[in-house]
J.: 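Before anything else, here's the structure in question.
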Amino acid sequence: MSSGSKINTIGVLTSGGDAPGMNAAIRAVVRSAIAHGKKVKGIKRGYSGLLKGEIIDMDARSVSDIVQRGGTILQTARCVEMTTKEGQEEAAKAIKAAGIDGLVVIGGDGSFRGALALSTYGVNVVCIPGTIDLDVSCSDYTIGFDTAVNTAMAAIDKVRDTSTSHQRCSIIEVMGRNAGYLALWCGLANGAEDILLPEFYDFDEQKIVDHIMENRKRGKKHHIIINAEGIGHSMGMAQRIEAATGLETRATILGHMQRGGSPTCKDRVAATTMGCYAVDTLCQGKKNRVIVEKRGMITDFDIEEALQMEKELPEYQVSISRELAI
Ligand code: ATP
């Protein structure tokens, strides 16, 4: 790849919720930048650290031994100040004061909106989708999803064993914020009887109760319901279902365990590829881009256009999940 003349120093930060594979992305950005002859600065705790001037010099050794580690060595944060005009102005000033000519932002849609705001103050940004929720509209894949869904799947298998032994009904709540990707994937991978997705849920618990009773008549020994974080209220739902069916019903909220752990091969490779692609994009002189995966290919979009894109749950997978739960 050719090295552009304008970029001398590349900055990198992680923002929003942490996701397994963010470290592999940081490593790729740092080492690729060095390979292109650039200096690298790491910004700690996302936009929050940027506003406090928490900026460190990074070299090849700063990212040793992290490709296999969950979390993010740069740490992350949610920063309300960054949503204000004053905060955005301050953040852009901090980037310029640190001598950063190109900023790599690893995070979700919210983090990209922060990056878009910085770009309006003349900061050149490149974003990498990193979130366990898979809810970045412009990209088919987001770093961390594969690890999180595998972690949840393994946990749900364990709940299923005990659920079958006791002939229980189990509600298992998975993360995903307002998106149902994690719930849908877990539901399919774990063979759940019901998958409650924020995109489709109609709050009709009687339907669930009827489904449980039908399945009992068919001889099913358990009933696994995957509930998405965006619907929530799993504990109350369990009490109401137990009262209506007379069957022991338990709720398990998997919670933050889904964010941690060593990234899968898919996440390490996606993070590494996108990290290097982000640096190449900056070095080619491109401005304000989002790195995405589209139909198996890594490519880049204009950040403003990317943020206007829409993505929906795959209809086919939603329909087959219902077909198989008999
Ligand atoms: P995840 O999907 O893991 O939650 P995210 O990047 O979408 O990741 P958010 O909490 O939505 O997570 O956003 C991260 C940070 O980005 C926010 O704390 C805030 O600092 C900044 N941000 C979010 N929305 C905006 C916005 N509209 N304008 C400017 N900055 C924003």
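All ligand and atom numbering here is 1-based and tracks the order in the structure. Values reported hereafter were calculated over all heavy atoms of this structure, with side chains retained and with hydrogens, waters and symmetry mates removed.
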J.: Identify the protein heavy atom lying closest to atom 26 (C) of ligand 1, giving its residue, its atom name and the separation to 0.1 Å.
T.: R113 CB, 3.5 Å
J.: How far is atom 2 (O) of ligand 1 from its nearest protein heavy atom, and which residue and atom name does that atom have?
T.: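 Ranking protein heavy atoms by distance from atom 2 (O) of ligand 1, first comes T131 OG1, 3.1 Å.
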J.: With a distance cut-off below 6.0 Å to the six-membered ring centre and an angular limit of 45° from the axis, does K266 pair with Y141 as a cation-pi contact?
T.: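 Judged by the rule (NZ or CZ under 6.0 Å from the ring centre, within 45° of its axis), K266 counts as positioned above Y141.
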J.: Does R177 have a non-hydrogen atom less than 4.0 Å from ligand 1?
T.: yes
J.: Show the numbers, then the answer: is there a side-chain contact (heavy atoms from CB on, under 4.5 Å) between K93 and Y121?
T.: CA-CA 9 Å; K93 271 190 212 155; Y121 294 97; over 6 Å; no
J.: N124 and side chain to side chain contact (heavy atoms under 4.5 Å, CB included): which partner among K6, R289, K287?
T.: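 Only match with N124 under side chain to side chain contact (heavy atoms under 4.5 Å, CB included): K287.
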J.: I'd like to know if S15 contacts ligand 1, where contact means a heavy-atom distance under 4.0 Å to any ligand atom.
T.: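 S15 counts as a contact of ligand 1 under the 4.0 Å cut-off.
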J.: Specify the protein heavy atom at minimum distance from atom 9 (P) of ligand 1: its residue, its atom name, and the distance to 0.1 Å.
T.: R78 NH1, 3.4 Å
J.: Relative to atom 18 (O) of ligand 1, which among S48, A19, C79 owns the nearest non-hydrogen atom?
T.: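 Comparing heavy atoms across S48, A19, C79, the nearest one to atom 18 (O) of ligand 1 lies in C79.
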J.: Is there a side-chain contact (heavy atoms from CB on, under 4.5 Å) between I195 and L184? Walk through the geometry before answering.
T.: CA-CA 7 Å; I195 311 174; L184 177 60; 4.3 Å; yes
J.: Could you work out, with side chain to side chain contact (heavy atoms under 4.5 Å, CB included) as the rule, every residue matching K41, not counting sequence neighbours?
T.: T9, I55, D57, A98, I100
J.: What protein heavy atom sits nearest atom 30 (N) of ligand 1, and how far away is it?
T.: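 Ranked first by proximity to atom 30 (N) of ligand 1 is G114 CA, 3.3 Å.
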J.: To the nearest 0.5 angstrom, please state how far the CD1 atom of I224 sits from the CD1 atom of I171.
T.: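 Taking CD1 in I224 and CD1 in I171, the distance rounds to 10.5 Å.
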J.: Report yes if the distance between the aromatic ring centroids of H222 and H166 is under 6.0 Å, otherwise no.
T.: no
J.: Can you list the atoms of ligand 1 that are under 4.0 Å from a heavy atom of G108?
T.: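 Per the distance check, 5 (P), 6 (O), 7 (O), 8 (O).
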J.: I'd like to check which ligand 1 atoms, numbered from 1 as shown, lie under 4.0 Å from a non-hydrogen atom of Q88.
T.: 28 (N), 29 (C)
J.: Linking I/L/V/M/F/W/Y whenever their side-chain heavy atoms sit closer than 4.5 Å, directly or via other members, would L103 and V290 fall into one cluster?
T.: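 Both belong to a single hydrophobic cluster.
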J.: Considering only non-hydrogen protein atoms, determine which one is nearest to atom 6 (O) of ligand 1 and report residue, atom name and distance to 0.1 Å.
T.: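 For atom 6 (O) of ligand 1, the nearest protein heavy atom comes out as S111 OG, 2.5 Å.
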J.: Can you figure out which of G110, G46, G176 has its heavy atom closest to atom 25 (C) of ligand 1?
T.: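 Looking at heavy atoms only, the winner is G110.
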J.: Near D133, which atoms of ligand 1 are under 4.0 Å from a heavy atom of that residue?
T.: 2 (O)
J.: Please tabulate, one pair per line, all N/O donor-acceptor pairs under 3.5 Å involving side-chain atoms of residues 312-322, not counting sequence neighbours.
T.:
unit_1 : atom_1 : unit_2 : atom_2 : d
S319   : OG     : Y316   : O      : 2.8
S321   : OG     : V318   : O      : 2.7

J.: Considering non-hydrogen atoms of the protein only, which is the closest contact for atom 29 (C) of ligand 1, and what is the distance?
T.: M82 O, 3.3 Å
J.: What residue and heavy atom of the protein are closest to atom 3 (O) of ligand 1, and at what distance?
T.: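 Protein heavy atom at minimum distance: G17 N, 3.2 Å.
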J.: Atom CD1 of I241 and atom CD1 of I208: how far apart are they, to the nearest 0.5 Å?
T.: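 Spacing of CD1 (I241) from CD1 (I208) equals 5.0 Å.
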J.: Which atoms from ligand 1 have a heavy atom of D109 less than 4.0 Å away?
T.: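 Atoms satisfying the 4.0 Å criterion: 7 (O).
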